[in-house]
Amino acid sequence: MSQNPPLLRPDLAPSPIFDTTRRDGQPTIGMVSLGCPKALVDSERILTRLRAEGYAISPDYKGAGAVIVNTCGFLDSAKAESLQAIGEALAENGKVIVTGCLGAEPEYITGAHPSVLAVTGPQQYEQVLDAVHHAVPPSPDPFVDLLPASGVKLTPRHYSYLKISEGCNHACKFCIIPDMRGKLVSRPAHAVIREAEKLVEAGVRELLVISQDTSAYGLDRKFAEERGHRAHITDLARDLGSLGAWVRLHYVYPYPHVRDLIPLMAEGLVLPYLDIPFQHAHPDTLKRMARPAAAARTLDEIAAWRAACPEITLRSTFIVGYPGETEAEFQTLLDWLDEAQLDRVGCFQYENVKGARANDLPDHVPDEVKQDRWDRFMQKAQAISEAKLAAKVGRRIEVIVDSVDDEGATCRTQADAPEIDGNLFIDQGFEALAPGDIVTVTVDEAGEYDLWGRL
């Protein structure tokens, strides 16, 4: 499961990361946001709409008139966490509205928690607002209730997720995202750029571009140009790169036109970072997944990307223990990883998902074999990461500061996305630093996933 860590979950964050001031008599709403960054953007949009209507945001359950739980339904473990969060909100508050991906299965939710006030599916903002209005009627004061120009954000002020499309046109057998979120629907490029401009004007230093399939952006719009901006990922990346913030691309499928993004990275317009979901390397496994089975050509593409932009960082996720995966197929994956030398790697053990076609495949892999393969995969990935980081010792690199406390500053290099990759720590001479600062440091020490440096 890809879930938000505590700092990105308003219900678990050690302190509120949004304005929680409240005027007398102001209606108040709480929010629990589970799942991926795409769901987090949905939560931000819901809270922005509610703030515009005069609602305050509560940092805890008991101070809220009602609680919205934005759920994840990608894996059975994610569904279990969502049900647990709903139950906790019911116990602590009593008035709960459920939305998000698991909301596509209302009977599943009401079967476990029949007292929820309403259940809506993903991106159904109007239905969520209707449910909130019914549970906690609005009482706006236009002379007092002010909404920040950038809206309500659930991430630190210096970085923000920028969602460019909804849905997906792929039919991967292990995934039910198209069933929950529908086919690809791209936002107009001019709307994306305008949102990005407002975020940068509000102080955002890093834009994290997200979608279900970033490479396919604009395909449904036939890459049309509107108001001076073309709906194509290469054009969009170039336009975003002109705003002066770091631009990081996530969920980029390795289509041929991805090579057109690499020169933008070499020029410094876009961060030299690609998050690409390869999932596996053996052609037979990829075929059973209904994924493109071109691992060998992918190695050629990776070599070409690195030739054009030597500083590029490649991140990917993989699935081990997929139905029918033999030891030979898994060994092919390990050998491929040796050749690819990816910088950042995540790995999941295959898990059945209700409604996914992979459930019906033969030869499911025993849990103990999945665990063994996951351990072996991560051991190799860790060794690669450790060697790559060790090669950075002594170099001068640019970092962005995420947080500062009494012990030091926690930063990220251009090779590190927030919450999923590593950090660079500064423990001397950091007192003048503040979150959002971009500074150059000398790398003094390297670990398995993190770096240490000095100004």
Side-chain angles (χ1 to χ4, degrees), residues 36-38 41-42 44-45 48 123 125 149-151 159-171 177-178 181-202 204-277 292 298 301-302 304-305 307-309 311-315 414 417:
C36 62
K38 294 179 285 295
V41 172
D42 291 339
E44 291 176 339
R45 289 178 179 173
T48 296
Q123 306 145 234
Y125 308 129
S150 60
Y159 68 80
S160 183
Y161 293 104
L162 183 66
K163 185 158 63 170
I164 63 174
S165 66
E166 298 283 2
C168 179
N169 289 344
H170 291 283
I177 292 296
R181 289 184 170 262
K183 294 291 187 180
L184 176 72
V185 179
S186 302
R187 297 176 61 195
H190 64 83
V192 175
I193 297 300
R194 179 58 187 140
E195 180 183 352
E197 289 172 342
K198 291 170 66 178
L199 289 169
V200 173
E201 289 168 4
V204 168
R205 306 296 306 276
E206 180 178 10
L207 299 167
L208 300 118
V209 177
I210 58 170
S211 67
Q212 201 61 42
D213 180 1
T214 298
S215 305
Y217 172 72
L219 178 64
D220 56 308
R221 308 182 76 89
K222 298 182 179 178
F223 306 123
E225 181 174 328
E226 299 177 63
R227 304 185 194 180
H229 297 282
R230 181 171 174 250
H232 188 283
I233 186 57
T234 306
D235 298 73
L236 183 68
R238 184 182 295 108
D239 291 344
L240 291 173
S242 69
L243 301 181
W246 283 12
V247 177
R248 190 181 303 276
L249 302 178
H250 286 282
Y251 314 124
V252 179
Y253 280 73
Y255 301 143
H257 68 263
V258 168
R259 66 189 62 152
D260 297 330
L261 292 169
I262 310 305
L264 302 182
M265 298 178 181
E267 294 169 25
L269 281 175
V270 178
L271 291 184
Y273 180 100
L274 274 182
D275 176 9
I276 299 183
T298 299
E301 284 292 313
I302 289 173
W305 298 338
C309 182
E311 295 298 312
I312 194 169
T313 295
L314 298 178
R315 186 183 203 284
Q414 294 186 353

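Only this structure's heavy atoms are used, side chains among them; waters, hydrogens and symmetry mates stay out.
- Annotation: side chain of Leu269 is not in contact with side chain of Val247 (no heavy-atom distance under 4.5 Å).
- Annotation: side chain of Leu314 is in contact with side chain of Ile302 (closest heavy-atom distance under 4.5 Å).
- With sequence neighbours left out, Asp275 forms a salt bridge (Lys or Arg N to Asp or Glu O under 4.0 Å) with no residue at all.
- Residues satisfying the ring pair (Phe, Tyr, Trp, His ring centres under 6.0 Å) test with His257, not counting sequence neighbours, are His232, Tyr255.
- Under the rule for a side-chain contact (heavy atoms from CB on, under 4.5 Å), the partners of Leu219 that lie at least two apart in sequence or sit in another chain are Asn169, Leu184, Phe223.
- Judged as a side-chain contact (heavy atoms from CB on, under 4.5 Å), and not counting sequence neighbours, the contacts of Pro254 are Ile276, Phe278, Trp305.
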Which pairs of donor and acceptor atoms, one on a side chain in residues 233-241, lie under 3.5 Å apart (sequence neighbours left out)?
| residue | atom | partner | partner atom | Å |
| --- | --- | --- | --- | --- |
| Asp235 | OD1 | Arg230 | NH1 | 2.7 |
| Asp239 | OD2 | His229 | ND1 | 2.9 |

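- The residues Lys198 and Glu201 are annotated as not salt-bridged, no charged nitrogen and carboxylate oxygen being separated by less than 4.0 angstrom.
- For Val200, the side-chain contact (heavy atoms from CB on, under 4.5 Å) criterion is met by Leu207, Leu243, Ala245, not counting sequence neighbours.
- Side-chain contact between Ile210 and Lys163 is present, with heavy atoms from C-beta onward closer than 4.5 Å.
- For Gln212, the side-chain contact (heavy atoms from CB on, under 4.5 Å) partners two or more places apart in sequence, or in a different chain, are Lys38, Cys168, Ile177.
- Here Tyr273 pairs with His250 under the ring pair (Phe, Tyr, Trp, His ring centres under 6.0 Å) rule; sequence neighbours left out.
- Partners of His170 under the ring pair (Phe, Tyr, Trp, His ring centres under 6.0 Å) rule, at least two apart in sequence or in another chain, are Tyr253.
- The shortest distance between side-chain heavy atoms of Glu195 and Leu162 falls below 4.5 Å.
- By the side chain to side chain donor-acceptor pair (under 3.5 Å) test, Asp220 pairs with Ser186, sequence neighbours left out.
- When the salt bridge (Lys or Arg N to Asp or Glu O under 4.0 Å) test is applied to Glu225, no partner is found at least two apart in sequence or on another chain.
- Residues meeting the salt bridge (Lys or Arg N to Asp or Glu O under 4.0 Å) test with Arg205, sequence neighbours left out: none.
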